[in-house]
Visitor: 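Let me give you the structure first, and then I'll get to my questions.
Heavy atoms only: backbone and side chains are in, while hydrogens, waters and symmetry mates are out.
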Amino acid sequence: MFTGIITHIGRITHVAPLGDGPQHGVRLTVLATPDYLADVGLGDSIAIQGACMTVTTLDGGQGVFTVDVSAESLARTVGLDAPGTVNLEKALRATDRLGGHIVSGHVDGVGTVLELTPVGESWRLEVLAPRPLARYLAYKGSLTVNGVSLTVNQVHDRPDGCAVSINLIPHTVQHTTLGALSAGRRVNLEVDMIARYVERMLALGVQDTPA
């Protein structure tokens, strides 16, 4: 589990195919810092651009680790198939503060940036989410964009999806990769977990409580 509070900006330095066919995934080499990886061990979970991955090799002294990304994950995410900067978050500990919201690290869909515009000291980020995710998006609700926990300020349903407007404070722009977004860029989205459970309960209807 994660909170959507980015703790480090790393860099994918190498992408190695794990096979020759489309059914194979890739192995990512990710550069962080020795300090950041000091408490990380093999098998630990780290969210990369909002996608939960497992550390498969680790060189803490060099600040480098690798993860294996399946073909399924590659098909349902963006930003995990080429070198570049990435948002990182280590898995939540039971004693940590839940500074964002409950995040699973399972990407629900890929959205498209409509605009990133300065407004005063902040920035207005507008993202078009796929239409199937519209029912989970609400005013003042939570949405994870490339692993960052954000609050939705406006929701506008459109024939081609759901446009959400989000305010980015300077700290978020400076300490995540969101400041480098531009119109047309694709982003990983994860909706609020509680919204998914509410939908499930409503779909089943009211049921008798087991004796």
Visitor: Got a second to check how far Ser70's OG is from Arg76's CZ, nearest 0.5 Å?
Guide: 10.0 Å

Visitor: Could you see if Val155 belongs to whatever hydrophobic cluster contains Val145? Use Ile, Leu, Val, Met, Phe, Trp, Tyr and a side-chain cutoff under 4.5 Å.
Guide: yes

Visitor: State plainly whether one hydrophobic cluster holds both Val119 and Val127, where clusters connect Ile, Leu, Val, Met, Phe, Trp and Tyr through side-chain heavy atoms under 4.5 angstrom apart.
Guide: no

Visitor: Are any non-hydrogen side-chain atoms of Leu37 and Leu58 less than 4.5 angstrom apart?
Guide: yes

Visitor: Search all heavy atoms of Leu28 against all heavy atoms of Leu80 and return the closest pair with its distance.
Guide: CD2-O, 3.3 Å

Visitor: Tell me whether Asp108 is salt-bridged to Arg196, with the criterion being a basic N under 4.0 Å from an acidic carboxylate O.
Guide: yes

Visitor: Does some side-chain heavy atom of Thr57 sit less than 4.5 Å from a side-chain heavy atom of Phe65?
Guide: no

Visitor: I'd like to know if Leu168 and Val152 are part of one continuous hydrophobic network [Ile/Leu/Val/Met/Phe/Trp/Tyr, side-chain heavy atoms within less than 4.5 Å].
Guide: yes

Visitor: Got Asp96 and Thr3 here, is their nearest side-chain heavy-atom distance under 4.5 Å?
Guide: no

Visitor: Indicate the atoms forming the closest heavy-atom contact of Ala183 with Leu114, along with that distance.
Guide: CB-O, 3.4 Å

Visitor: Is there a donor-acceptor contact under 3.5 Å from the side chain of Thr13 to the main chain of Leu31?
Guide: no

Visitor: Does one side chain, of Glu199 or Tyr136, offer a donor that lies under 3.5 Å from an acceptor on the other?
Guide: yes

Visitor: Could you measure the distance from the CD1 atom of Ile46 to the CE atom of Met53? Nearest 0.5 Å is fine.
Guide: 11.5 Å

Visitor: Would you compute the distance between atom CG of Leu143 and atom CG of Leu137 and round it to the nearest 0.5 angstrom?
Guide: 6.0 Å

Visitor: Please determine whether side chain to side chain contact (heavy atoms under 4.5 Å, CB included) holds for the pair Val64 and Val30, giving the CA-CA distance in whole Å, both sets of side-chain angles, and the decisive distance to 0.1 Å.
Guide: CA-CA 6 Å; Val64 175; Val30 183; over 6 Å; no

Visitor: I need the minimum non-hydrogen distance between Arg158 and Ala163, along with the two atoms involved.
Guide: CD-CB, 4.1 Å

Visitor: Please report the interatomic distance OG1(Thr176) to CD1(Ile6), rounded to the nearest 0.5 Å.
Guide: 7.0 Å

Visitor: Quick one: are Leu150 and Leu178 in side-chain contact, heavy atoms under 4.5 Å?
Guide: yes

Visitor: Are more than 12 heavy atoms, taken from residues, nucleotides or ligands other than Asp160, located less than 6.0 Å from that residue's CG atom?
Guide: yes

Visitor: May I ask you to check whether over 12 heavy atoms, not counting those of Arg186, lie within 6.0 Å of atom CZ?
Guide: no

Visitor: When rounded to the nearest 0.5 angstrom, what distance separates CG in Leu116 from OG in Ser182?
Guide: 8.5 Å

Visitor: Where do Ala129 and Leu189 come nearest, in terms of heavy atoms and distance?
Guide: CB-CD1, 3.8 Å

Visitor: Any non-hydrogen side-chain atom of Val113 less than 4.5 Å from a side-chain atom of Glu126?
Guide: no

Visitor: Please test Met1 against Val103 for side chain to side chain contact (heavy atoms under 4.5 Å, CB included), starting from the C-alpha separation and ending with a verdict.
Guide: CA-CA 6 Å; Met1 302 301 295; Val103 176; over 6 Å; no

Visitor: Can a donor-acceptor pair be found, under 3.5 Å and without considering hydrogens, that links the side chain of Asn146 to the backbone of Asn188?
Guide: yes

Visitor: Have Thr177 and Thr85 got a donor and an acceptor in their side chains that come within less than 3.5 Å?
Guide: no

Visitor: Hydrogens and angles aside, do Arg124 and Ser165 bring a side-chain donor and acceptor to less than 3.5 Å of each other?
Guide: yes

Visitor: What distance do Leu92 atom CG and Arg97 atom CZ have between them, rounded to the nearest 0.5 Å?
Guide: 12.5 Å

Visitor: Taking atom types as modelled and ignoring hydrogens, do the side chains of Ser149 and Thr144 form a donor-acceptor contact shorter than 3.5 angstrom?
Guide: no

Visitor: Please list, chain by chain and in numerical order, all residues satisfying salt bridge (charged side-chain N to carboxylate O under 4.0 Å, His left out) with Asp192, sequence neighbours excluded.
Guide: none

Visitor: Applying salt bridge (Lys or Arg N to Asp or Glu O under 4.0 Å) as the test, list every pair that has at least one member in residues 25-47; sequence neighbours left out.
Guide: Arg27-Asp68, Asp39-Lys90, Asp39-Arg93

Visitor: Side chain of Glu190, backbone of Gly105: donor and acceptor closer than 3.5 Å?
Guide: yes

Visitor: List the atom of Ala47, the atom of Phe2, and the distance in Å for their closest heavy-atom pair.
Guide: N-CE2, 3.6 Å

Visitor: Please answer: with hydrophobic residues joined when any side-chain heavy atoms are less than 4.5 Å apart, are Val40 and Val86 in the same cluster?
Guide: yes

Visitor: Judged by modelled atom types alone, do Thr77 and Gln49 share a side-chain donor-acceptor pair under 3.5 Å?
Guide: no

Visitor: Looking at Leu98, I want to see if its CG is surrounded by more than 12 non-hydrogen atoms of other residues, nucleotides or ligands under 6.0 Å.
Guide: yes

Visitor: Do Ile48 and Val67 have side-chain heavy atoms sitting under 4.5 Å apart?
Guide: yes

Visitor: Please test Met193 against Ser104 for side chain to side chain contact (heavy atoms under 4.5 Å, CB included), starting from the C-alpha separation and ending with a verdict.
Guide: CA-CA 8 Å; Met193 183 181 298; Ser104 68; 3.7 Å; yes

Visitor: Applying ring pair (Phe, Tyr, Trp, His ring centres under 6.0 Å), can you list everything that pairs with His106, at least two apart in sequence or on another chain?
Guide: none

Visitor: Donor-acceptor pair, distance only, cut-off 3.5 Å: does the side chain of Asn153 make one with the backbone of Ile166?
Guide: no

Visitor: What are the two closest heavy atoms between Pro130 and Gly111, and how far apart are they?
Guide: CD-CA, 4.3 Å

Visitor: Within the structure provided, determine whether Thr66 and Val55 are in side-chain contact (heavy-atom separation under 4.5 Å).
Guide: no

Visitor: Answer with yes or no whether the hydrophobic clustering places Ile169 together with Val173; edges join I, L, V, M, F, W, Y residues whose side-chain heavy atoms lie under 4.5 Å apart.
Guide: no

Visitor: Is there a side-chain contact between Leu181 and Val187 in this structure, where contact means two heavy atoms from C-beta onward sitting under 4.5 Å apart?
Guide: yes

Visitor: May I have the step-by-step check of side chain to side chain contact (heavy atoms under 4.5 Å, CB included) for Thr172 and Trp123, ending in yes or no?
Guide: CA-CA 10 Å; Thr172 301; Trp123 294 76; over 6 Å; no

